[in-house]
2 protein chains.
Amino acid sequence: MGSFEAATKRQVSPYNDEHLTLDFTRQAVALDAERIVLTRKEYDLLALLVQHAGEIIPRHALLMQVWGYGADIRTRTLDVHVRRLRKKLGGYADQYIETIFGIGYRFQPFHAPRFYQAQSVNPVIALSA
Amino acid sequence: MGSFEAATKRQVSPYNDEHLTLDFTRQAVALDAERIVLTRKEYDLLALLVQHAGEIIPRHALLMQVWGYGADIRTRTLDVHVRRLRKKLGGYADQYIETIFGIGYRFQPFHAPRFYQAQSVNPVIALSA
DNA sequence: GGGCTTTTTACAAAGTTTTTACAAGTTGGC
DNA sequence: GCCAACTTGTAAAAACTTTGTAAAAAGCCC
């Protein structure tokens, strides 16, 4: 049931997928073995998203964790940072950082498109009809 | 997690039948193992119906619960949402979301057709007339 | 001050919800 | 059975909300 207490329990073992690497102890990020330079806020934002890979993180949670903003602050700085982060993530950006409309964002580990999976994963159907 | 489960206290254990899955904690819906994307209102509406599977829910109750509308508001937004929901539920739509004329709607868990019924296509109608 | 990062501003674009207007379906009285 | 009144279905437009983007302004730190 993790809340986003990133500050206390930061993951230490590095994140790593086909294209992206995050070394949390060194705060270093690499894309396709090429190191990319992030500013502090960009890194914090990415780290938080990556540490909750697969989970939707609501805007207010991001603003809370990364900026310390309380609930009712109106700002577009999160969007701007997401945009710059995406820019630096190059062509994979939209695969990595997903916008969940009306809620927030979600980081998804890189996953090459699968061609075969379209079939039915649902053997039960065979029994009907 | 936990930051944004639907406004009212809701069932937490997932719904699941032959074709449809609802994960109430993640607000995620899948049809035949394929994830389907619903807008918030669509999800709220479906969730409410599913949580009362088998029960008729009157229009005014749906408008109350999902929209917060009071008794005397005239709107067709419920119908429009039902329509879009049905569209996203594909071929099973009419089996799942039933219209109760003059009252409201009812969600029915999927029930595969049985073999012996298939013979005479429409026994019930045969009895009338 | 100069270079960098962060935030704001102001608008554009995209997404969602509601309304509108009418078609189609249902029901009950005749 | 047929009609009138009413309910629901549907498509498209309008209204509204959220997110994306570029550029300027404001902070920082040496």
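All values derive from a computational prediction rather than experimental measurement. Lettering follows sequence order; numbering is per chain, from 1. Note: hydrogens, waters and symmetry copies are ignored here, and every other heavy atom, side chains too, is used.
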Set of residues satisfying salt bridge (Lys or Arg N to Asp or Glu O under 4.0 Å) with respect to Arg76(A), sequence neighbours excluded: Asp79(A)
Go through the structure and list residues passing ring-ring contact (aromatic ring centres under 6.0 Å, His included) with Tyr96(A), not counting sequence neighbours. Phe107(A)
Non-neighbouring partners of Thr99(A) that pass side chain to side chain donor-acceptor pair (under 3.5 Å), sequence neighbours left out: Arg86(A)
Say whether, by atom type as modelled, one donor and one acceptor occur between the side chain of Lys88(A) and the main chain of Val37(A) under 3.5 angstrom. yes
Phosphate oxygens OP1/OP2 of dT7(C): is one of them under 4.0 Å from a side-chain N or O of Arg74(A)? no
Roughly how many Å is it from CD in Glu42(B) to P in dG15(C), rounded to a whole number? 14 Å
Just jot down the salt bridge (Lys or Arg N to Asp or Glu O under 4.0 Å) partners of Arg35(A), sequence neighbours excluded, or say none. none
Specify the separation, in whole Å, of atom CD1 of Ile73(B) and atom P of dT20(C). 13 Å
Any donor-acceptor pair under 3.5 Å linking the side chain of Arg84(A) with the backbone of Glu42(A)? no
Compute the bend angle of the helix from dG1(C)-dC30(D) to dC30(C)-dG1(D) from the end axes (five pairs per end), rounded to 10°. 30°
At under 4.0 Å, does any side-chain N or O of Thr77(B) touch on OP1 or OP2 of dT19(C)? no
Report the distance from atom NZ of Lys41(A) to atom C1' of dT5(C), rounded to the nearest whole Å. 9 Å
Please give, in whole Å, the distance from dT6(C) C1' to Leu85(A) CG? 14 Å
Qualifying residues under salt bridge (Lys or Arg N to Asp or Glu O under 4.0 Å), relative to Glu55(B), sequence neighbours excluded: none
Taking NE2 from His81(B) and P from dT10(D), how many angstroms apart are they, rounded to a whole number? 15 Å
N/O-N/O pairs, protein side and nucleotides 15-20 of chain D side, under 3.5 Å:
residue : atom : partner   : partner atom : Å
dT18(D) : O3'  : Gly102(A) : N            : 3.4
dT19(D) : OP1  : Gly102(A) : N            : 2.9
dT19(D) : OP2  : Arg59(A)  : NH1          : 3.3
dG20(D) : OP1  : Arg86(A)  : NH1          : 2.8
dG20(D) : OP1  : Thr99(A)  : OG1          : 2.8
dG20(D) : OP2  : Tyr105(A) : OH           : 2.5
dG20(D) : N7   : Arg76(A)  : NH2          : 3.0
dG20(D) : O6   : Arg76(A)  : NE           : 3.2

My understanding is that only residues two or more places apart in sequence, or in another chain, count here; which of them pass salt bridge (Lys or Arg N to Asp or Glu O under 4.0 Å) with Arg83(A)? none
Measure CD/Glu98(A) against C1'/dA14(C) and give the value in whole Å, please. 16 Å
Are OP1 or OP2 of dT7(C) and a side-chain N or O of Trp67(A) less than 4.0 angstrom apart? yes
If the condition is side chain to side chain contact (heavy atoms under 4.5 Å, CB included), which residues does Arg74(B) pass it with, not counting sequence neighbours? none
Rounded to the nearest Å, what distance is computed from the CG atom of residue Leu78(B) to the P atom of nucleotide dT19(C)? 12 Å
Pairs under 3.5 Å (N/O, protein and nucleotides 1-3 of chain C):
none

When clusters are formed from ILVMFWY side-chain contacts under 4.5 Å, directly or step by step, what else is grouped with Ile100(B)? Ile56(B), Ile103(B)
Regarding Asp44(A) and Arg40(A), does a basic nitrogen lie under 4.0 Å from an acidic carboxylate oxygen? yes
Whole angstroms only, please: what is the CG-C1' distance between Asp44(B) and dT17(C)? 13 Å
If the cut-off is 4.0 Å, is Thr75(A) near the phosphate of dT8(C), judged by side-chain N/O to OP1 or OP2? yes
Applying side chain to side chain contact (heavy atoms under 4.5 Å, CB included) to Asn16(A) and not counting sequence neighbours gives Thr21(A)
